[in-house]
Amino acid sequence: MYIDTHCHLSKEDYENIALVIKENRESGIEKIIVSGCTKDSILESLEYAKNYDDVYVTIGYHPSEVNDITEEDLLLLESQITSSSKVVGIGEIGLDYHYGKKNKELQKEIFRKQLALAEKLSLPVVIHTRDATEDTISVLKEFPNVKGDIHCFSGSVETARIYIQMGYVLGIGGVVTFQNSNLYKVIEEIGLSSIVLETDAPYLTPVPYRGKQNSSKYIPYIAKKLSEILNISVEEVEKTTTLNAKELFDLD
Ligand code: NI
C-alpha cells in the first residue's frame with residue numbers, strides 16, 4: 001500500500017470528497033497526507049482528517065500567505081496542531097521568491113517561527129521552496145533538530161545531497177514522469193532511501209494523465225517511473241517509500 005505524503009483536498013477542486021477517498025483505496029493508497037496551508041484550507045483539511053480514517057494532515061502557513069499572518073494566527077496554528085491527533089507535521093512552509101523577493105525578510109521570519117514550533121512540538125516539516133534554495137538551506141540549518149520533507153524536490157544532485165545530509169527526505173511526484181524532467185539523474189544517484197512519494201494533487205498530474213486533474217490515486221504511476229529509473233520492482237518502490245513516509249510522519 002502507498003502513502004501520498006503531500007496533496008491538497010478541497011471542495012473547490014473535487015465535487016465528491018468521499019468518492020476521492022474511495023478511489024484512493026481502490027488504487028492501493030492506504031493513507032494521504034493533506035496539506036492545509038492557508039487559513040481556510042487548514043480548517044477544511046482538519047475537517048477531512050476528522051471524518052476519514054485515511055486522511056492525515058500537515059498544517060502551516062505557506063510563504064504566499066505571510067503578508068496576512070499575525071501573532072494570533074501563529075498561536076491559533078499551535079492550538080490547531082495540538083488539538084488533533086491527525087496532524088502529523090507542519091507545512092507546507094518555506095520560502096518562495098518566484099514572484100519577487102520584496103517580502104523575503106517577512107517570509108523568513110514566519111518560516112523561522114514555524115520551524116521553532118516544529119522543534120517545540122517535535123514534529124516534522126514539509127518544505128516548499130521555489131527560487132530560494134540557498135536561503136532555505138541556511139534557515140533550515142538554524143534548526144538542526146528539525147527533520148522533514150522537501151516537497152516537490154526539483155533541484156540538482158548536489159542540492160539533494162545537502163538536504164539528505166541535513167536529515168531531510170525528498171518528495172517526488174508527477175514531475176519525474178515528465179519527458180523534459182531531469183529528476184531521473186537525482187534518483188539514479190541517491191536511490192530510494194531518502195525518497196517519499198507525493199502527488200501535490202490537484203496539481204502536477206503524472207503521465208499518462210498529464211493535463212487532467214491530479215489525484216492521490218495516480219501515485220502508482222510515479223512509483224512505476226521510479227522502478228524503471230532504478231531497474232527494480234514496483235513492489236520494492238512501494239515498500240521502501242511507504243516505510244520512509246511512516247518513519248518520517250510517525251504513522252502505523
Ligand atoms: Ni502543495
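What you see is a predicted model, and the numbers here were worked out from it, not measured in a lab. We count ligands from 1, going down the list as the structure has it; atoms in each ligand are counted the same way.
- Taking the side-chain contact (heavy atoms from CB on, under 4.5 Å) definition, one finds that Thr38 meets it with Asp40, Ser41, Glu65, sequence neighbours left out.
- Using modelled atom types and a 3.5 Å distance limit, the side chains of Tyr184 and Glu188 yield no donor-acceptor pair.
- A donor-acceptor contact closer than 3.5 angstrom is absent between the side chains of Glu198 and His6.
- Connectivity analysis of hydrophobic side chains (ILVMFWY, heavy atoms under 4.5 Å, direct or indirect) links Phe249 to Ile3, Ile33, Tyr56, Val88, Val126, Val169, Val196, Leu248, Leu251.
- Not counting sequence neighbours, the partners of Glu189 by the side-chain contact (heavy atoms from CB on, under 4.5 Å) test are Val157, Arg161.
- Each of Lys86, Lys217, Arg25 was scored for a salt bridge (Lys or Arg N to Asp or Glu O under 4.0 Å) with Asp54, with one residue passing: Arg25.
- Distances shorter than 2.8 Å separate the Ni ion (ligand 1) from the protein N/O/S atoms His6 NE2, His8 NE2, Glu92 OE2, Asp200 OD1.
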